Asker: 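Have a look at this one.
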Amino acid sequence: MMAEVVLDRGDVRLSGTAVGAGPTVLLLHAGGEERGVWAPIAAALDRRGLRTVAFDLRGHGESEGAAKTLEEIAEDVTAMIRQEKAAMVVGASLGGLAAVRALSENKVEGVAGLVLVDVLPHLDPEHARGWLDEQGLLEENPELIADIFEHREELQNSKLQLPILLVRAGPASPVRDADVDRFRADHPTLMVAQVKEASHLIARDTPAQLARIIGDWTETQT
């Protein structure tokens with residue numbers, strides 16, 4: 001069962017797709033992506049008795065507005081969680097950073113866990129800038145990227161009081177062992193899975209494997 005959903009934020013309307021029935025998994029795509037990247041993962045999770053909701057982030061796909069600040073996107077994510085009563089939040093890259101801010105300091109209730117897909121708020125800024133430059137992404141949305149770097153300390157100090165799973169890509173990942181160690185120092189129960197054959201965009205490269213990881217983690221937490 002598939003249904004289109006809309007989130008009215010007052011200044012913008014965000015478009016999403018809901019699939020299935022059961023505990024809800026909110027799927028947040030990477031910057032420059034659209035919600036359709038989650039379609040095969042949503043289908044796989046539906047077969048496991050899970051409901052998924054994937055929105056286009058503001059300024060992406062069919063959603064209105066412009067992606068200018070991380071805090072604005074995080075506020076959207078908070079509203080998504082509340083409207084859809086999400087039990088699990090999955091965020092890739094930009095979606096993951098927005099999820100960290102939305103879930104920090106117990107701003108929302110009812111979320112049993114967080115899956116970060118090849119992203120951490122504790123990335124070394126020099127390394128992160130170099131990686132973005134290598135990928136040709138520094139000029140893709142310079143205002144948003146500048147905002148994220150400007151507020152990186154606030155992002156890194158986000159307090160998360162829930163189970164977290166990091167899904168790392170292979171050698172092309174911007175996430176390094178030192179980044180994981182820094183994040184784990186603040187979140188000692190962090191769990192890590194790796195998809196070595198995938199690039200940074202794991203949802204696009206290996207959807208079946210990512211769906212299995214998300215499904216297994218969700219079943220253990222909900």
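What you see is a predicted model; the values in this text were computed from it and never measured.
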Asker: Tell me yes or no: between the side chains of D118 and S173, is some donor less than 3.5 Å from an acceptor?
Answerer: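 The answer is yes; a qualifying pair exists.
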Asker: Evaluate the side-chain proximity of D133 to R129: yes if any heavy-atom separation is below 4.5 Å, no if none is.
Answerer: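 No; the side chains remain at least 4.5 Å from each other.
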Asker: Quick one: does P174's side chain get under 4.5 Å of H200's, heavy atoms only?
Answerer: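 Yes; the side chains approach each other to less than 4.5 Å.
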Asker: Distance check, rounded to the nearest 0.5 Å: E109 atom CD versus I81 atom CD1?
Answerer: 12.0 Å
Asker: So Q83 and V53, side chain to side chain contact (heavy atoms under 4.5 Å, CB included) or not? Walk me through it.
Answerer: CA-CA 11 Å; Q83 174 176 292; V53 180; over 6 Å; no
Asker: Answer with yes or no whether the hydrophobic clustering places V19 together with L50; edges join I, L, V, M, F, W, Y residues whose side-chain heavy atoms lie under 4.5 Å apart.
Answerer: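 Result: no, two separate clusters.
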Asker: If the test is side chain to side chain contact (heavy atoms under 4.5 Å, CB included), which one of T52, D46, I214 qualifies with I41?
Answerer: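 For I41, the side chain to side chain contact (heavy atoms under 4.5 Å, CB included) check succeeds only for I214.
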Asker: Under a 4.5 Å cut-off applied to non-hydrogen side-chain atoms, are L28 and M80 in contact?
Answerer: yes
Asker: Which heavy atom in A99 sits nearest to a heavy atom in V89, and how many Å separate them?
Answerer: CB-CG1, 3.8 Å
Asker: Any side-chain heavy atom of E72 sitting closer than 4.5 Å to one from D147?
Answerer: no
Asker: Any sub-3.5 Å donor-acceptor pair from R182's side-chain atoms to H122's backbone N or O?
Answerer: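 Yes; judged by distance alone, with no hydrogens or angles, the pair exists.
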Asker: Taking all non-hydrogen atoms of both residues, which atom of H29 and which atom of F55 are closest, and how far apart?
Answerer: CD2-O, 3.3 Å
Asker: Report the C-alpha distance between V117 and V90 in whole Å, list the side-chain angles of each, state the deciding distance to 0.1 Å, and finish with yes or no for side chain to side chain contact (heavy atoms under 4.5 Å, CB included).
Answerer: CA-CA 7 Å; V117 182; V90 179; 3.8 Å; yes
Asker: Are V111 and L165 in one and the same hydrophobic cluster, where Ile, Leu, Val, Met, Phe, Trp and Tyr link if side-chain heavy atoms are under 4.5 Å apart?
Answerer: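 In one cluster with V111: L165, no.
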Asker: Measuring from atom CD of E33 to atom CZ of R204, what distance do you get when rounded to the nearest 0.5 angstrom?
Answerer: 4.0 Å
Asker: Quick one: do D216 and R212 make a salt bridge, cutoff under 4.0 Å?
Answerer: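 Yes, this pair counts.
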Asker: Is R35 salt-bridged to E4, going by a charged N under 4.0 Å from an acidic O?
Answerer: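 Yes, charged N to carboxylate O under 4.0 Å.
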Asker: How long is the straight-line distance from CG of L94 back to CD1 of I145, given to the nearest 0.5 Å?
Answerer: 9.5 Å
Asker: On a heavy-atom basis, which atom in L155 and which in S158 lie closest, and how many Å separate them?
Answerer: O-OG, 2.9 Å
Asker: Roughly how far, to the nearest 0.5 Å, is the CG atom of L26 from the CH2 atom of W38?
Answerer: 9.5 Å
Asker: In the structure I gave you, are the side-chain heavy atoms of I213 and V115 within less than 4.5 Å of one another anywhere?
Answerer: no
Asker: Please report the interatomic distance CD1(I148) to CG(L132), rounded to the nearest 0.5 Å.
Answerer: 8.5 Å
Asker: Taking the side chain as everything from C-beta on, heavy atoms only, tell me whether T24 gets closer than 4.5 Å to K85.
Answerer: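 No, their side chains stay 4.5 Å or more apart.
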Asker: More than 12 foreign heavy atoms under 6.0 Å from CZ of R176: is that the case here?
Answerer: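 Buried by this count: over 12 neighbours within 6.0 Å.
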Asker: Regarding R168 and D177, does a basic nitrogen lie under 4.0 Å from an acidic carboxylate oxygen?
Answerer: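 Yes, this pair counts.
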Asker: With clusters defined by side-chain heavy atoms of hydrophobic residues (ILVMFWY) lying less than 4.5 Å apart, directly or transitively, does I73 cluster with L7?
Answerer: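 Same cluster: L7 reaches I73 through Ile, Leu, Val, Met, Phe, Trp or Tyr contacts under 4.5 Å.
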Asker: Give me the atom names and distance for the closest heavy-atom approach of H60 to D56.
Answerer: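 Closest pair (atom of H60, atom of D56, distance): O-CB, 3.2 Å.
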Asker: Could you please spell out the steps behind the side chain to side chain contact (heavy atoms under 4.5 Å, CB included) verdict for R184 and L166?
Answerer: CA-CA 10 Å; R184 184 176 276 127; L166 167 66; over 6 Å; no
Asker: Could you tell me the separation between the CG atom of L201 and the OG atom of S93, rounded to the nearest 0.5 Å?
Answerer: 7.5 Å
Asker: State, with a plain yes or no, whether a side-chain heavy atom of F183 is found less than 4.5 Å away from one of I164.
Answerer: yes
Asker: Between R9 and E64, is there a side-chain N and carboxylate O pair less than 4.0 Å apart?
Answerer: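 Salt bridge flag = no for E64 with R9.
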Asker: Determine the minimum heavy-atom distance between V12 and G65, stating which atoms define it.
Answerer: CG1-CA, 3.6 Å
Asker: State yes or no: do V108 and V25 share one hydrophobic cluster built from I, L, V, M, F, W and Y residues joined by side-chain heavy-atom distances below 4.5 Å, directly or via other members?
Answerer: no
Asker: For the residue pair L70 and H151, establish whether any side-chain heavy-atom pair is separated by less than 4.5 Å.
Answerer: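 When only atoms from C-beta onward are counted, H151 and L70 do not touch, as no gap falls below 4.5 Å.
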Asker: Say whether L116 and V192 are linked into one hydrophobic cluster, either directly or through other cluster members, by side-chain heavy-atom distances under 4.5 angstrom.
Answerer: yes
Asker: Please name the pair of heavy atoms, one in Q221 and one in A112, separated by the smallest distance, quoted to 0.1 Å.
Answerer: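 Closest pair (atom of Q221, atom of A112, distance): O-CB, 3.4 Å.
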Asker: Can a side-chain donor-acceptor contact be found between S63 and R58 if the only test is distance below 3.5 angstrom?
Answerer: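 Side chains of R58 and S63: no pair found under 3.5 Å.
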Asker: Apply side chain to side chain contact (heavy atoms under 4.5 Å, CB included) to the pair L57 and D76, showing each step before the final yes or no.
Answerer: CA-CA 8 Å; L57 300 180; D76 291 342; over 6 Å; no
Asker: In terms of side-chain heavy atoms, does H127 have a donor or acceptor partner in D179 at a distance below 3.5 Å?
Answerer: no
